[in-house]
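Accompanying notes for the structure given below.
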Amino acid sequence: MERLPTFSKGGVHPDDKKALSNNQAIQRLPVPSELVLPLSQHLGAPASPLKQKGDMVVAGEKIGKASSFISADVHCPVNGTITDLRKVVLANSVVTDAFVITPDASNPLGEWPEQPYDALSPEELLAIVKDMGVVGTGGATFPTHVKLSVPKGRTVDALVVNGVECEPYLTADHRLMLEETERVLRGIMIVAKITGPKRIIIGVENNKKDAIAMLRQEIARLGFPITVMALRVKYPQGDEKQLLKATIKREIPSGKLPLDVGAVVLNVGTSFAIYEAVAMRKPLIDRVVTISGEAMKEKKNLRVLLGSKVADLIAFAGGLDHEPDKFISGGPMMGFAFHDDQIPVIKGTSGILALDKEPSAKAPTTPCISCGRCVAACPMGLQPTKLYRLIEHRDYERAMAMNLMDCKECGCCSYSCPAHLPLVHGMKLGKRLGRK
Amino acid sequence: MNILFAFLIIAVLGLALGLGLAFAAKKFAVEKDERAEQILAILPGANCGACGYPGCSGYAGALSGGKAQNGLCSPGGAKTSALVAKILGIADEGAGERMVAFVHCRGNHELTKRDFQYEGIEECSAAHMLFQGESSCKYGCLHLGSCMRVCPTNAIHRDEKGNVTVDPEACIGCKKCTLVCPTKVIRMLPARGSHAIACNSRDPGPVVRKICQVGCIACKICEKKFPDSGCTVINFLSEIDYAKPMTQIADAAAACPTKCIVEAKQ
Amino acid sequence: MRQMARVGITLALIASIAATSLAVVNAVTAPKIAAYEQQVIENALKQVSGGFELGESTTDTGDEAIGIIHRLTGDDQKTTGYILQMTGTGYGGSMTVMASYKTDGSVIDARLLANAETPGLGKKAEVPAYMDKFKDTGADSPVPVKKNMLQKDDADSIGGATVTFSGVARAIAHGSDYVKTLGGK
Amino acid sequence: MDVPKTIVSSSPHLHARSSTASIMWDVSIALAPAALWGVYVFGLRALAVLLVSIASSVLVEYLLNRFSKESTLADGSAFLTGLLIGMNMPPDAAFAVPVIASAFAMFVVKWTFGGLGANWINPALAGRVFVFFSFTGLMNTYRLPRTLGSVDALGSASMLTEMKLAIGEGTVEQLSSAGILASLDYPFTSFAGSVSSWFQEVLGITLSPYTVDAFFGNISGCIGEVSAFLLLAGAAYLFIRKVITWQIPVTFLATFSLLAWIFGGVRNGLGLFQGDFVLQLFSGGMILGAFFMATDMVTSPTTSKGMLIFGAGIGFFAFLLRYFGSLPESVSLAIIVMNIFVPTIDRYILPKRFGEVIVEPKKKEAKA
Amino acid sequence: MAYIAIFITYIFINNFILSQFLGLCPFIGVSKNSESAIGMGMAVTFVMGIASIITWVVYNLVLLPLGLAYLQTLSFILVIAGLVQFVEMIIQKNSPALYQALGIFLPLITTNCAVLGIAIMNITEGYNIMESFSAGIAAGIGFTLALVLMSNIRERLDLHPVRKAFRGVPIAFISGGLMALAFMAFDKSLLTNLLG
Amino acid sequence: MATERMQVLTKGFFKENPVFIIMLGLCPTLGVTTQVVNGIGMGLSVIFVLVFSNIFIAMLKNIIPNSVRIPAYIVIIAAFVTIVEMVMHAYAPSIYQALGIFLPLIVVNCIILGRAEAFANKNTVLDSFLDGVGMGIGFTLSLTLIAFIREVFGAGTITLVPIGGFDGVIEIPLLYTYPVRVLTLAAGALLLMGYLKAFFEWNAARKRG
């Protein structure tokens with residue numbers, strides 16, 4: 001059997017649970033009765049509000065403006081009225097301002113016809129991407145226009161598209177690659193025009209064989225210079241550092257970006273959003289969200305307007321089968337547990353999961369026995385056990401000296417810890433307190 | 001004869017060493033921190049290394065440089081540490097009004113509503129990272145006892161219900177607990193203060209009433225009915241001004257509908 | 001300069017007074033110490049001599065492991081045996097073994113003298129009775145150098161101190177062989 | 001007030017199916033066949049020793065639990081320590097010996113340091129070495145297994161000690177290990193004899209019957225260490241369950257074998273490259289040590305590079321002590337000697353940080 | 001061969017700390033972190049090497065010919081005290097960097113029994129001058145080894161929940177005891193067997 | 001005044017016990033305590049040296065220049081140590097043998113130099129004498145305790161001075177046959193010291209409340 005490429009150091013193999021939802025075609029969630037649209041849906045500074053309470057808005061209208069270089073615009077998903085501007089708590093515990101919008105009952109949605117874009121220059125394309133508020137949809141929500149701005153003198157060797165979707169349960173990108181193959185590919189070609197890479201690679205984990213086949217077939221049909229690389233299934237391959245290691249065998253040094261090793265990394269969801277932004281001038285106002293988890297009655301992949309409340313999504317999926325142990329926004333490895341079903345879907349929400357307590361998942365914590373599994377699992381070459389101990393003893397300085405900031409909280413260490421120590425929680429705490 | 005040799009040889013050795021050292025003491029006289037010298041004179045000079053520093057001079061240097069804790073010298077004992085403190089002037093610390101730490105919250109899992117169950121590190125700041133803690137009140141005590149663990153005198157205790165209190169007698173006012181508390185529910189009070197407000201919530205009264213039985217609901221009874229209690233309600237929370245005369249504070253405490261004015265010395 | 005001289009001379013003075021007093025004490029104790037050490041050796045010699053008279057001794061043995069030979073004589077001044085002072089290797093390094101032999105190489109008695117064996121273990125070999133198991137071996141029967149060449153009781157008395165035992169035993173066996181080469185001279 | 005149902009915790013929300021207790025019980029299960037073989041060949045007395053060891057370990061842990069108000073019995077570590085101590089006892093050990101070893105292991109080595117995970121030296125081995133040096137006589141009496149026929153050979157030394165003594169005598173110049181054993185009239189089973197001759201006749205490979213016996217467990221020694229075959233089977237189980245990794249046992253055995261092959265024949269006058277390391281591998285607790293005790297997670301390095309150094313160090317010391325030391329306990333001693341080095345290894349041997357390779361050449365380029 | 005024997009003896013078999021009880025005060029006192037342990041170890045090794053040579057000369061060329069062997073202790077300690085101070089001054093003068101690294105440990109060494117211990121041992125063992133020097137260095141290396149290993153163990157223990165009554169010095173002793181237990185693996189016969 | 005003098009004398013017994021509290025003079029403490037008699041012998045030697053060096057240093061404290069203070073003290077100490085050594089060699093040779101290298105090493109025993117620096121050079125001759133006696137007794141008591149435990153459990157004997165027909169060795173039935181031998185060795189000494197120190201610290205903490 002052919003040995004598929006993957007990244008070399010660390011990683012874990014959680015049960016992917018994708019079969020729960022990967023044959024569910026993407027459905028549209030009906031327009032909910034109320035949308036809550038936070039101004040901070042991305043990494044970086046929150047957008048500043050352009051409207052106020054009582055204003056009428058139309059679908060696609062810019063209602064929040066990027067407030068600095070690393071920031072993104074926010075657009076209104078529907079025609080309707082702004083009924084409130086208030087503080088909300090997002091799933092990741094961030095507190096931010098949000099518009100509460102009541103959609104126009106008769107005609108809530110806008111129309112986005114396709115427009116020609118071949119004549120546009122790379123600069124114009126980039127400007128459109130920025131104007132449409134596109135951010136990375138993989139979860140990190142880094143503003144895409146920043147990522148695509150190649151500084152002068154830098155050349156892009158490889159454009160690597162992330163179709164890995166390594167988080168268990170999530171199937172949103174998978175469905176997108178299957179159902180919107182052509183648009184995803186065209187989105188990639190737009191990015192290629194902006195950044196001018198020497199080669200283009202789509203990395204897809206081998207548990208999505210149908211998507212790989214579909215991509216290859218469409219690429220051949222459209223004649224695009226894109227290679228589809230099937231990757232060995234291993235978490236966290238979807239992280240850009242691991243993905244670059246797996247596809248182009250390069251390691252991004254600590255604190256650097258993909259551009260520093262001559263690469264641009266982009267999610268398939270993002271490239272789809274870029275296609276819509278460029279070809280339809282449609283801002284990022286909806287996204288595909290996976291509804292899954294054992295406690296969910298029906299598992300679905302939904303195209304959801306941003307600002308829809310989690311409660312609406314769950315209701316559309318037939319509600320809960322039984323009381324879940326945890327609600328999670330995002331994937332189970334890096335996603336956030338939340339308790340309030342009134343939180344909204346934002347640009348980075350890739351899934352809403354209702355998980356059952358697995359018998360092994362929550363055994364009581366026991367003392368660390370220095371087994372070294374976390375060290376073996378850490379894809380960044382850190383020593384989570386030692387860092388955790390140092391953080392426990394409030395020695396943040398030494399933890400920092402041991403490269404605590406390299407930790408990206410992928411969860412491999414906690415996942416593999418037989419003592420069930422909350423290692424990632426410790427890393428987050430250490431980073432927060434150590435920075436002070 | 002033998003005795004003479006013995007005398008001579010050791011005399012020569014001694015003389016050489018004595019001259020050498022005397023010479024060296026002059027020649028290599030290095031300017032030294034005077035306080036370090038003074039401390040060195042006090043330290044026993046056993047150079048036993050028990051303090052963890054390389055010899056008495058190392059410890060003296062660290063002490064005068066403010067890098068070492070006083071009282072590590074086991075041969076010298078308490079006497080030495082007292083003298084060292086005198087030289088360093090650390091005994092003067094704590095002069096002025098004695099302040100003690102106080103936990104401005106009496107809520108617990110029985111009296112205060114919770115949004116969810118927290119699972120994770122037994123550390124307040126860790127819990128605070130997730131929706132600012134499990135309690136519906138985001139201003140109160142998280143009950144995970146980080147303050148207890150940083151307290152150098154074990155002055156902070158937690159009862160079986162989760163209520164955390166500071167023993168004002170044992171508190172030395174180091175403020176370590178106030179620094180580690182993510183909700184800043186521990187603040188310093190003058191040790192003479194008889195009462196304190198056991199609530200930290202800035203939520204409006206109706207909100208507090210819904211989530212906590214012992215929170216300040218900003219009813220202003222203390223402020224209005226007992227003007228000499230020292231209490232003022234600011235931002236939905238009653239606060240005591242300890243500079244004011246607090247003659248009516250006990251009455252105000254009795255009248256408080258949620259009993260969140262409590263005696264500071266339990 | 002004067003200060004320096006004062007410092008030097010004070011130290012020199014203290015040191016030399018100390019040295020002088022030591023010299024005085026030494027003058028008193030040194031003979032006593034020498035006498036004591038002589039006594040130790042003589043006692044040991046007497047103990048192992050098996051009732052024979054001590055004859056002359058020599059350090060010219062021609063064997064590295066054998067330090068001193070004392071000749072043993074009977075009533076008729078004829079050589080009846082030898083006492084050998086030997087070095088063996090034990091658990092704690094080298095040990096001094098003194099053993100007496102008849103001219104045929106059989107062991108009369110032996111003692112373990114200077115050693116650094118473990119107290120409670122190898123050190124037990126200092127007890128005179130320890131050497132009983134070697135007595136009369138060396139001529140007709142071999143000197144027991146292995147634990148399994150011993151009676152059960154003797155083997156048990158050795159317990160865990162195998163290294164000490166074999167060190168002593170090998171020294172004694174070596175002495176026995178050496179005595180045989182002397183041929184009663 | 002009512003307790004809310006929903007749980008909020010930090011990511012990740014999934015967890016691999018293993019726990020400290022499952023690891024401990026897995027190791028205990030893996031040890032069981034070899035322990036049972038020991039009981040079979042040495043009789044009920046060996047079973048009694050095993051039970052006393054386990055019972056005393058668990059009891060001491062229980063008492064310490066009571067004292068320090070903890071409950072750690074369920075994690076299985078006390079049971080495992082007791083089992084390992086028992087398996088490292090000679091079959092006729094006086095019952096007080098495993099009791100003292102267990103008490104030392106559980107109290108001094110583990111409890112004092114703060115319980116499971118805090119000790120830096122292997123408790124079972126430290127306990128064993130403690131009683132070995134304390135009661136050398138009691139610990140040094142072995143018995144031939146029933147498969148070798150003679151039951152009355154109480155008090156005989158282990159095979160390794162016999163060989164060591166013979167070499168020390170200098171009476172066995174230029175004989176291989178098997179040759180020495182043959183010259184001592186050391187017994188072997190008829191089964192081993194036929195396997196040996198089958199190898200000779202059919203495969204043309206010289207395989208001494210002693211090696212065969214050592215492999216299958218017809219050899220004198222401690223209760224649990226005799227059957228290399230069953231221990232290897234247990235180790236295979238641990239590999240499949242991913243409880244242990246290859247680094248420590250492989251480097252340990254490889255280093256030992258290499259050194260034993262090169263220098264092992266020197267002392268009996270065979271010269272270099274003549275050591276019979278195969279027989280050595282299967283005797284004297286080598287397999288038990290390599291797969292079950294050197295791999296003890298608490299007292300071995302956490303990084304894979306560190307594990308390689310640790311394993312190689314044990315191999316070196318095991319070789320040194322077995323061939324040149326006076327004690328037959330080479331494996332136990334080698335492991336606890338290397339335990340001392342573990343904190344130092346863990347401090348200086350760090351895993352390769354992600355992205356490190358790229359930085360170096362880039363800097364050089366920039367300078368050039 | 002004799003030198004190899006000396007090194008093996010003083011590093012493993014007769015390790016000053018773990019089997020001879022010499023230099024225990026710094027072993028407990030200066031083993032809290034590994035940087036100090038390394039510095040202390042190097043300083044001790046250096047002084048032990050030099051002191052071995054000088055005391056050998058004093059004893060064999062001065063005291064012995066004059067029949068003053070009983071002045072051994074007195075003269076040795078004078079020599080060592082002088083030497084330590086002298087070394088301290090030279091290093092301070094000529095290499096401030098080295099002084100920063102080593103110098104601060106020097107005052108501790110005068111009263112370290114390991115130094116006087118090796119000087120006396122050299123005499124009782126009857127070593128020649130080179131052997132004395134090797135023994136000094138070897139014993140110093142053995143001392144350093146034990147100290148550094150101990151410091152790393154203690155750094156590890158600092159991050160573990162050692163029982164309250166045992167924290168600090170007691171657990172250091174107990175760890176030292178367990179180290180000594182393991183070092184019992186190295187016995188005299190190991191040396192004899194190795195070197196024939 | 002009298003009680004203060006008593007304090008100077010008795011503080012070394014327990015409150016400022018040189019071995020368990022101040023932790024000075026560890027090497028001989030562990031090195032020689034394999035037999036009770038050695039512990040006592042060592043203790044007596046230390047008392048002798050400590051008392052005389054304390055007296056002499058207290059006497060000479062105004063004469064000795066500061067820059068050669070330590071060497072001068074060491075010389076005085078070394079002289080008394082050598083005297084003890086010679087006297088013991090002459091009159092108690094077996095203990096002399098047993099104490100071995102630790103006898104000359106009294107010179108560098110931190111307890112003596114420590115007391116010289118910490119006490120004798122600041123106090124009167126009488127106080128220094130009392131301090132020396134007190135500390136010495138404390139040291140001897142500690143040594144005897146450690147030696148007693150190590151010998152009884154580690155060798156199964158109690159070795160005292162032979163008098164008349166009594167050879168000085170008491171054998172303890174079961175332990176003599178099966179001693180916990182490690183206790184007599186380095187490992188056991190360090191372990192025992194750890195537990196004793198922990199006990200004393202726990203005890204001190206308990207008294208402080």
Side-chain angles (χ1 to χ4, degrees), chain A residues 9 12 14-15 168 241 245 250-254 256 261 323-328 332-339 355 357-358 360-363 366-372 374-376 378-383 385-386 403 406 409-412 414-420 422 424-425 428, chain D residues 4-24 26 70 72 74-75 77 114-120 242-245 247 295-307 342-343 346-347 349-360 362-363:
Chain A
K9 164 103 182 69
V12 291
D15 183 358
K241 293 195 173 187
K245 179 74 180 172
R250 288 188 197 169
E251 290 189 12
I252 307 173
S254 169
K256 302 278 181 177
V261 293
E323 187 79 25
D325 180 47
K326 272 180 188 173
F327 285 109
I328 288 154
M333 294 300 283
M334 287 188 75
F336 302 95
F338 62 92
H339 59 91
L355 293 190
K357 185 179 277 195
E358 271 186 58
S360 65
K362 219 40 227 179
T366 48
C368 169
I369 53 169
S370 312
C371 63
C374 54
V375 181
C378 180
M380 298 309 287
L382 303 176
Q383 288 175 287
T385 161
K386 229 183 220 177
N403 310 320
D406 278 6
E409 302 158 20
C410 65
C412 291
S414 296
Y415 175 81
S416 52
C417 178
H420 297 252
V424 172
H425 199 174
K428 289 180 180 172
Chain D
K5 283 243 170 68
T6 331
I7 292 170
V8 170
S9 66
S10 164
S11 61
H13 309 285
L14 288 185
H15 206 282
R17 273 173 208 285
S18 74
S19 66
T20 308
S22 77
I23 290 174
M24 297 294 165
D26 267 345
E70 293 163 352
T72 55
D75 68 21
S77 61
L116 180 65
N119 53 299
W120 57 266
K242 296 203 170 133
V243 172
I244 57 176
T245 51
Q247 283 94 337
T295 53
D296 171 37
M297 294 163 172
V298 179
T299 55
S300 60
T302 46
T303 63
S304 132
K305 245 186 287 175
M307 289 179 193
V342 168
D346 266 342
R347 181 187 164 96
I349 307 298
L350 304 174
K352 193 183 82 70
R353 191 178 169 197
F354 187 89
E356 235 166 12
V357 264
I358 304 292
V359 186
E360 294 306 315
K362 272 218 161 178
K363 269 187 185 165

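Quick caveat: nothing in here was measured; it's all calculated off a predicted structure. Residue numbers start from 1 in every chain, and the chains themselves are labelled A, B, ... in the order their sequence lines are given, proteins ahead of strands.
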Side-chain touch D:M307/D:T295, heavy atoms, less than 4.5 angstrom: no
So what's closer than 4.5 Å to chain D heavy atoms on A:C368: side chain, backbone, both or neither? backbone
Is there side-chain contact between A:C410 and A:M333, with heavy atoms separated by less than 4.5 Å? no
Between D:S304, D:S9, D:P301, the one whose heavy-atom pairs under 4.5 Å with chain A are most numerous: D:S9
If you count heavy-atom pairs within less than 4.5 Å of chain A, which of D:G117, D:P4, D:S11 leads? D:S11
Measure the shortest side-chain to side-chain distance between D:S77 and D:T72 over non-hydrogen atoms and say whether it is less than 4.5 angstrom. no
Of the listed residues (A:S370, A:G411, A:P379), which shares the most heavy-atom pairs with chain D below a 4.5 Å separation? A:S370
Pair count under 4.5 Å, heavy atoms only, with chain D: among A:L382, A:V375, A:N403, A:T366, highest is A:N403
Take D:F354 and A:D406 through the side chain to side chain contact (heavy atoms under 4.5 Å, CB included) test and state the conclusion after the steps. CA-CA 9 Å; D:F354 187 89; A:D406 278 6; over 6 Å; no
Which heavy-atom pair separates A:H420 from D:S19 by the least distance, and what is that distance? NE2-CB, 3.7 Å
Honestly, the part of A:T385 sitting under 4.5 Å from a heavy atom of chain D is side chain
Under the rule for side-chain contact (heavy atoms from CB on, under 4.5 Å), what residues qualify as partners of D:P343, not counting sequence neighbours? E:N152, E:I153, E:R156
Side chain / backbone / both / neither for A:K241 at chain D, heavy atoms under 4.5 Å: both
Which region of A:P168, side chain (C-beta onward) or backbone (N, CA, C, O), has a non-hydrogen atom less than 4.5 Å from a non-hydrogen atom of chain D, or is it both or neither? side chain
Can a donor-acceptor pair be found between the side chains of D:D346 and D:T302 at a distance below 3.5 Å? yes
Can you say whether A:A419 sits under 4.5 Å from chain D via the side chain, the backbone, both, or neither, judging by heavy atoms? both
Looking only at A:P332, A:P324, A:C412, most heavy-atom pairs under 4.5 Å shared with chain D are made by A:P332
Contacts of D:S300 that satisfy side chain to side chain donor-acceptor pair (under 3.5 Å) - sequence neighbours left out: none
Contact origin within D:L116 toward chain A - heavy atom pairs under 4.5 Å: both
So which of A:C371, A:S416, A:P418, A:P14 has the biggest tally of heavy-atom pairs under 4.5 Å with chain D? A:P418
Tell me whether A:E251 is salt-bridged to A:K9, with the criterion being a basic N under 4.0 Å from an acidic carboxylate O. no
Pick from A:K386, A:E409, A:K256: which one has the most heavy-atom pairs with chain D under 4.5 Å? A:K386
